[in-house]
J.: 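Quick one: the structure is below, questions incoming.
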Amino acid sequence: MAAASGKTVQVKEGESIVAALKSVGIQVQVSCQEGVCGTCVCTVLEGECDHRDVYLTDEEKTDNDQIMTCCSRAKSARLVLDI
């Protein structure tokens with residue numbers, strides 16, 4: 001769910017969060033799309049992340065309050081982002 005817009009988005013298997021958001025008209029700025037640059041970082045309000053990036057430190061990943069939307073996924077059934 002994108003909290004600011006109130007939109008709920010279903011992310012399909014193999015689809016990035018960025019692509020799913022774009023399909024409903026929510027734009028997230030991206031650059032490398034590989035989890036290296038940090039351009040697409042978003043704040044996590046609820047849910048558990050499956051961090052697949054190399055940008056965030058291990059401590060930041062443990063904090064579970066940010067996600068690289070270009071490559072990371074949700075571990076939980078619901079992930080709420082501040083977008």
J.: How close do Gly35 and Cys70 get, counting heavy atoms only, and between which atoms?
T.: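 That would be N-SG, 3.3 Å.
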J.: Mind checking the OG1-NE2 spacing from Thr62 to His51? Nearest 0.5 Å is all I need.
T.: 8.0 Å
J.: Please find the pair of heavy atoms, one from Ala20 and one from Val11, that lie closest to each other, and give the distance.
T.: CB-CG2, 3.7 Å
J.: Give a yes or no on whether Gln27 atom CD has more than 12 heavy-atom contacts from other residues, nucleotides or ligands under 6.0 Å away.
T.: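 Counting neighbours around CD of Gln27, more than 12 heavy atoms of other residues, nucleotides or ligands fall under 6.0 Å, so yes.
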J.: Applying salt bridge (Lys or Arg N to Asp or Glu O under 4.0 Å), which residue pairs with at least one partner in residues 27-46 are found, sequence neighbours left out?
T.: Glu46-Arg78
J.: List the atom of Thr39, the atom of Cys37, and the distance in Å for their closest heavy-atom pair.
T.: OG1-SG, 3.0 Å
J.: For Ala19 and Ser16, which heavy atoms make the closest approach, and how far apart are they?
T.: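 Minimum heavy-atom contact is N-OG, 3.0 Å.
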J.: Identify the two heavy atoms, one from Asp65 and one from Glu60, that lie closest to each other, and give their separation to 0.1 Å.
T.: OD1-O, 4.3 Å
J.: Give me the one residue out of Val44, Asp63, Ile17 that meets side chain to side chain contact (heavy atoms under 4.5 Å, CB included) with Cys49.
T.: Val44
J.: Linking Ile, Leu, Val, Met, Phe, Trp and Tyr by side-chain heavy atoms under 4.5 Å, what else ends up with Val54?
T.: Val36
J.: When rounded to the nearest 0.5 angstrom, what is the spacing between SG in Cys42 and CD1 in Ile26?
T.: 10.0 Å
J.: Would you compute the distance between atom NZ of Lys22 and atom CD of Glu15 and round it to the nearest 0.5 angstrom?
T.: 11.5 Å
J.: Drop me the distance from Thr43's OG1 to Leu81's CG, to the nearest 0.5 angstrom.
T.: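 Reported to 0.5 Å precision, the distance equals 8.5 Å.
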J.: Under 4.5 Å between side-chain heavy atoms, hopping through other hydrophobics if needed: is there a path connecting Tyr55 to Ile67?
T.: no
J.: Might you point out which heavy atoms bring Thr69 and Cys40 nearest each other, and give the distance in Å?
T.: OG1-O, 3.0 Å
J.: How many angstroms lie between atom SG of Cys71 and atom CG of Asp53, to the nearest 0.5 angstrom?
T.: 5.0 Å
J.: Taking side-chain contact (heavy atoms from CB on, under 4.5 Å) as the definition, give me every residue that meets it alongside Lys75, ordered by chain and number, with sequence neighbours left out.
T.: Glu48, Asp50
